[in-house]
Number of protein chains: 2
Amino acid sequence: MISLDHVHDPKPEDFPSELEGLRMTKQRREVLAVILGERDHPTANDVFVRAKDRMPTISLATVYNCLEALVSHQIVRQVNFERESSRYCPNLSDHCHFQDEESGKIHDVVFKDGVKLEDFLELPQGTEISHLEISLKGQFGTQK
Amino acid sequence: MISLDHVHDPKPEDFPSELEGLRMTKQRREVLAVILGERDHPTANDVFVRAKDRMPTISLATVYNCLEALVSHQIVRQVNFERESSRYCPNLSDHCHFQDEESGKIHDVVFKDGVKLEDFLELPQGTEISHLEISLKGQFGTQK
DNA sequence: ATCATAATTAGAATAATTCCAAATTTTGGC
DNA sequence: GCCAAAATTTGGAATTATTCTAATTATGAT
């Protein structure tokens, strides 16, 4: 797994021609650059609007295609809050999401050091987790 | 908060004319009875199909209306897995959901005794959680 | 019973996402 | 570089879950 989380304000040209076995086409590069650029958990449509700045010919269908390719190759993460439209996040480390109800902003929330899921959930032996999503809403604190 | 989780195979007539400040109409009773009856986390459409057995004139719009009324009055819970259609759960106790990828079945998963969210998440001081959803997918174990 | 309010209904509308088939681009072999 | 095959992109149509709308019906209070 390659984490690009540290890459800020990247140009599409910064990416190699292949990432995680996925061919990085112009469009995929652009979509990835958008997601790494402004880390506000944009929706597919947000990505589309932003990508058009640099690449006016890109289509929404392509944005969806690129997002699905990036997600399935674990280059970005798909984030859901209830039935709202999906959002996209370049942070691949173990974390979950908090949506502040006042501002609408989404914050990454990390686990306390060393805690594992099995420590707090009553799961039967032999359970294999392939996907986990934790979504919180409320007022996000200011201090600490 | 009134938990009806222990009520199995209820008839619609079993419910009082008001619950949690919500007027229990014929349709709301029926929808609630369906959800308490077969606890397989049905979708709105599943509820609609089942409710029609006893009440052939009920409409899908009404099922959606009833579900939203029951959810907002905290009589049932709405459950989401990524962008799949919402499901409904009569268990109001603190728990989360595991979807077995082989069978498609959804299991309730409880927290280990005494664990609190704040124990495993790094949340800033002053954070107020109004809504929490934890969804897991994978192979659900058989033992224990 | 009358009235005002709330709930139900069928069908239309919406929004996010996926599908489709054609056009374009990329790739690897020569 | 040239060509065929494969992959990707594109615009638009289709799909799906859900919400909205406007008309009808039921309810509860007086």
Side-chain angles (χ1 to χ4, degrees), chain A residues 12-13 15-34 41-52 54-73 75-88 104 135, chain B residues 12-13 15-34 41-52 54-73 75-88 104 135:
Chain A
E13 314 82 71
F15 304 113
S17 68
E18 188 174 317
L19 265 182
E20 300 286 290
L22 177 68
R23 234 174 79 197
M24 290 304 280
T25 62
K26 279 205 294 319
Q27 289 82 347
R28 288 174 186 164
R29 261 179 246 266
E30 182 56 43
V31 166
L32 180 52
V34 165
H41 301 84
T43 64
N45 197 65
D46 294 336
V47 172
F48 175 52
V49 169
R50 292 177 200 173
K52 277 211 280 203
R54 279 220 199 86
M55 189 180 269
T57 59
I58 199 170
S59 74
L60 181 56
T62 298
V63 170
Y64 272 104
N65 290 342
C66 292
L67 289 170
E68 117 77 18
L70 292 168
V71 168
S72 66
H73 286 73
I75 299 165
V76 309
R77 242 176 93 172
Q78 188 167 7
V79 172
N80 299 289
F81 281 93
E82 296 173 299
R83 305 233 353 117
E84 297 170 27
S85 49
S86 288
R87 298 169 171 279
Y88 297 86
S135 310
Chain B
E13 314 82 71
F15 305 112
S17 69
E18 186 172 317
L19 265 184
E20 301 287 288
L22 178 70
R23 227 171 84 195
M24 289 304 281
T25 63
K26 280 205 295 318
Q27 290 82 346
R28 287 174 184 164
R29 261 179 245 267
E30 181 55 44
V31 165
L32 180 53
V34 165
H41 300 87
T43 63
N45 196 64
D46 294 336
V47 172
F48 175 52
V49 168
R50 292 177 200 173
K52 279 211 282 202
R54 280 221 201 85
M55 188 180 269
T57 58
I58 199 171
S59 76
L60 181 56
T62 299
V63 170
Y64 272 103
N65 290 343
C66 293
L67 289 170
E68 117 77 17
L70 294 169
V71 168
S72 67
H73 287 73
I75 299 165
V76 308
R77 242 176 93 172
Q78 187 167 7
V79 172
N80 298 290
F81 281 93
E82 296 174 299
R83 306 239 345 122
E84 296 170 27
S85 47
S86 288
R87 299 169 170 279
Y88 298 87
S135 310

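In what follows, chains carry the letters A, B, and so on, assigned in the order in which the sequence lines appear, proteins first and then strands, with residues in each chain numbered from 1.
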Yes or no on side chain to side chain contact (heavy atoms under 4.5 Å, CB included) for B/V76 and B/V31, after CA distance, side-chain angles and deciding distance?
-> CA-CA 10 Å; B/V76 308; B/V31 165; over 6 Å; no
Should B/Y88 and B/V34 be marked as a side chain to side chain contact (heavy atoms under 4.5 Å, CB included) after you check the CA-CA gap, both sets of side-chain angles, and the distance that decides it?
-> CA-CA 10 Å; B/Y88 298 87; B/V34 165; over 6 Å; no
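Straight-line distance from the CD1 atom of A/I58 to the C1' atom of D/dT10: 10 Å, rounded to whole Å. One interatomic measurement links the two molecules: CZ of B/R28 to P of D/dA26, which rounds to 15 Å at whole-angstrom precision. What separates CG of A/L67 from P of D/dT8 is a distance of 15 Å, to the nearest Å. At whole-Å resolution of the value, CZ in A/F48 and C1' in C/dA15 are 15 Å apart. Note: CG (B/L19) to C1' (C/dA7) measures 17 Å, nearest angstrom. Here the P atom of nucleotide D/dG11 and the CG atom of A/N65 are 12 Å apart, to the nearest Å. For the pair A/D46 CG and C/dA15 C1', the computed distance is 14 Å after rounding to whole Å. Protein atom NE2 of B/H73 is 13 Å distant from nucleotide atom C1' of C/dA7, rounded to whole Å.
The NE2 atom of B/H73 sits 11.5 Å away from the CZ atom of B/R23 when rounded to the nearest 0.5 Å. Annotation: the span from A/L67 atom CG to A/S86 atom OG amounts to 9.0 Å, rounded to 0.5 Å.
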Could you list, one pair per line, each protein nitrogen or oxygen that sits under 3.5 Å from a nitrogen or oxygen of nucleotides 22-24 of chain C, together with the distance?
none

Table of protein N/O atoms under 3.5 Å from nucleotides 16-19 of chain D N/O atoms:
from	atom 1	to	atom 2	distance (Å)
D/dT18	OP1	A/R83	NE	3.2
D/dT18	OP1	B/S86	N	3.0
D/dT18	OP2	B/Y64	OH	2.5
D/dT18	O5'	B/Y64	OH	3.3

Atom pairs, protein N/O to nucleotides 26-28 of chain C N/O, distance under 3.5 Å:
from	atom 1	to	atom 2	distance (Å)
C/dT26	O3'	A/R23	NH2	3.4

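Contact between A/P42 and A/V47 at its shortest, heavy atoms only, is CG-CG2, 3.8 Å. A/V63 and A/A44 make their closest contact through CG1-O, 3.6 Å (heavy atoms, listed as atom of the first residue, atom of the second, distance).
Side-chain atoms of A/S135 come within 3.5 Å of backbone N or O of A/N80 as a donor-acceptor pair. With hydrogens and angles disregarded, a donor-acceptor distance shorter than 3.5 Å links the side chain of A/R29 to the backbone of A/M24. Looking only at distances, no side-chain donor or acceptor of A/R87 sits under 3.5 Å from a matching main-chain atom of A/Q78.
Rounded to 10 degrees, the angle separating the terminal axes of the helix from C/dA1-D/dT30 to C/dC30-D/dG1 is 40°, with each axis obtained from five end pairs.
Remark: B/Q27 is not in phosphate contact with D/dA26, judged by side-chain N or O atoms under 4.0 Å from OP1 or OP2. Taking only side-chain nitrogens and oxygens, A/T62 comes nearer than 4.0 Å to OP1 or OP2 of D/dT10.
A/V49 pairs by the side-chain contact (heavy atoms from CB on, under 4.5 Å) definition with A/N45, not counting sequence neighbours.
Annotation: side-chain hydrogen bond (donor to acceptor under 3.5 Å, both in side chains) contacts involving residues 59-72 of chain A, sequence neighbours excluded, comprise A/S59-A/T62.
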